[in-house]
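Here's the structure, in structure tokens; my notes come after.
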Amino acid sequence: MPPGATHARLLETAGRVFAEAGFQSAKVRDICAQAGVNLAAINYHFGDKLGLYRAVLEYAACTADEAVPFQPELPGRTPEEKLRRYVRGMLEHIYGQERPAWPIRIMTHELAQPTPALDGVVDHVIRPRHDAMRKLVSSVINRPIDDRLTRLCTHSIMGQVMLYAHSRAVIGKLWPELKYTPATLDEIAAHIAAFSYAALKDIRRRQPTRRAATPRIS
């Protein structure tokens, strides 16, 4: 295989192995055997096992962004539309047609048993999306972007999406008829957006009036 093919095959194979076993339990020898390369290939392309793992996480994030590019300035004419499109994009990352299952599984392992690679995942994948949602929430409830209530509301919205990301097996037991078709993903996104936007508007009505601020995101 040419060098580029070896690199790509290692990423794909390691993604599946890490998703199945987790970083700690995955064996480099198994990855190399399944990829049809020798052990020296990992050292040459990635340095070591952790370097390979970091590259796999980055590869998974880049592949998802190619399918559904993330826009820090959330598209949409109204806050509710922005929220709906944000949620729909996240659901597409998880359940989009022809989307491999291993990126979600490897992320589940990483969040349950963090490795030194977690900082990169947070900084390059999670934080930009979190900050975009904080900005939107801040504008709706009229609170500063770093306000405690703004953060709590942001976590509540993102938590609804994460339920579908990390509880698929449980949802399958509780609601076996649910099929993740494009129409169903549209329905889920619209529900989460309407549900959350109604709550945000109610919070704004009940809270003392404060001027919304947009300081540097920390």
Side-chain angles (χ1 to χ4, degrees), residues 54-55 57-100 103-104 106-107 110-111 117-166 180 182-218:
R54 291 184 194 272
L57 291 175
E58 181 179 350
Y59 173 68
C62 290
T63 301
D65 276 341
E66 286 175 2
V68 188
F70 171 67
Q71 302 178 51
E73 292 298 326
L74 302 181
R77 294 173 298 174
T78 66
E80 185 173 1
E81 182 184 355
K82 291 180 179 181
L83 181 56
R84 179 184 58 77
R85 293 176 67 170
Y86 173 94
V87 173
R88 184 61 176 84
M90 293 186 69
L91 291 173
E92 184 66 23
H93 281 308
I94 302 166
Y95 292 112
Q97 293 181 340
E98 300 181 358
R99 193 81 69 246
I104 294 299
I106 198 173
M107 189 61 65
E110 179 61 27
L111 296 178
L118 180 62
D119 287 344
V121 173
V122 171
D123 289 339
H124 297 114
V125 180
I126 299 176
R127 192 184 306 281
R129 291 161 173 77
H130 178 266
D131 289 345
M133 180 52 58
R134 269 205 294 155
K135 184 178 179 181
L136 177 60
V137 169
S138 171
S139 70
V140 176
I141 67 174
N142 199 34
R143 304 278 286 211
I145 199 168
D146 285 328
D147 186 81
R148 189 177 185 86
L149 183 58
T150 302
R151 291 181 180 273
L152 288 172
C153 290
T154 299
H155 294 171
S156 293
I157 294 170
M158 297 186 76
Q160 293 178 75
V161 182
M162 290 302 100
L163 172 71
Y164 289 94
H166 302 299
Y180 296 99
T184 298
L185 297 183
D186 289 341
E187 180 186 17
I188 293 171
H191 168 74
I192 292 176
F195 185 85
S196 301
Y197 188 57
L200 294 177
K201 290 192 296 182
D202 184 64
I203 287 172
R204 176 168 179 158
R205 285 194 297 268
R206 292 189 289 106
Q207 292 299 315
T209 301
R210 291 189 181 185
R211 181 177 62 85
T214 310
R216 181 178 63 85
I217 294 175
S218 60

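Count residues from 1 along the sequence. What you see below is based on every heavy atom in this structure, not just the backbone, and it leaves out hydrogens, waters and symmetry mates.
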Closest non-hydrogen contact found for Ile145 with Arg134 is O-NH1, 3.1 Å

Tell me, with the steps shown, if Val140 and Arg204 meet side-chain contact (heavy atoms from CB on, under 4.5 Å). CA-CA 7 Å; Val140 176; Arg204 176 168 179 158; 5.5 Å; no

Straight-line distance of Ser196 OG to His191 NE2, nearest 0.5 Å: 8.0 Å

How far apart are the closest heavy atoms of Arg88 and Pro182, and which atoms are they? NH2-O, 3.5 Å

So does Arg54 pair up with Glu58, basic N to acidic O under 4.0 Å? no

Between Ile203 and Cys153, what is the shortest heavy-atom contact and its length? CD1-SG, 3.5 Å

May I have the step-by-step check of side-chain contact (heavy atoms from CB on, under 4.5 Å) for His93 and Arg129, ending in yes or no? CA-CA 13 Å; His93 281 308; Arg129 291 161 173 77; 3.9 Å; yes

If you measure from the Lys or Arg side-chain nitrogens to the Asp or Glu carboxylate oxygens, is any gap between Arg127 and Asp123 under 4.0 Å? yes

Nearest-0.5 Å distance that lies between atom CD1 in Ile192 and atom CD in Glu187: 11.0 Å

Any donor-acceptor pair under 3.5 Å from Tyr95 side chain to Tyr164 backbone: yes

Residues Glu80 and Ala194: closest non-hydrogen pair is OE2-CA, 3.4 Å

Sort out for me which residue in Thr150, Leu149, Asp146 forms a side chain to side chain contact (heavy atoms under 4.5 Å, CB included) with Ser138. Thr150

Any heavy-atom pair between the side chains of Gln160 and Val87 that's under 4.5 Å? no

Residue pair Leu118 / Leu111, side-chain heavy-atom distance below 4.5 Å: yes

Please check this pair: side chain of His124 against backbone of Gly120, looking for a donor-acceptor N/O pair closer than 3.5 Å. yes

If you look at every heavy atom in Leu57 and Val121, which pair is closest and at what distance? CD1-CG2, 3.5 Å

Heavy atoms only: give me the nearest Ile104-Ala165 pair and the separation to one decimal. CG2-O, 3.3 Å

Could you check whether the rings of Phe70 and Tyr86 sit parallel, tilted or perpendicular, using 30° and 60° as the cut-offs? perpendicular

Candidate pair Lys82 and Glu73, rule side-chain contact (heavy atoms from CB on, under 4.5 Å), full reasoning: CA-CA 9 Å; Lys82 291 180 179 181; Glu73 292 298 326; over 6 Å; no

Salt-bridge contact Asp147-Arg151 (side-chain N to carboxylate O under 4.0 Å): no

Charged N to carboxylate O below 4.0 Å: is that the case for Arg85 and Glu81? yes

Tell me, with the steps shown, if Ile157 and Leu200 meet side-chain contact (heavy atoms from CB on, under 4.5 Å). CA-CA 10 Å; Ile157 294 170; Leu200 294 177; 4.1 Å; yes

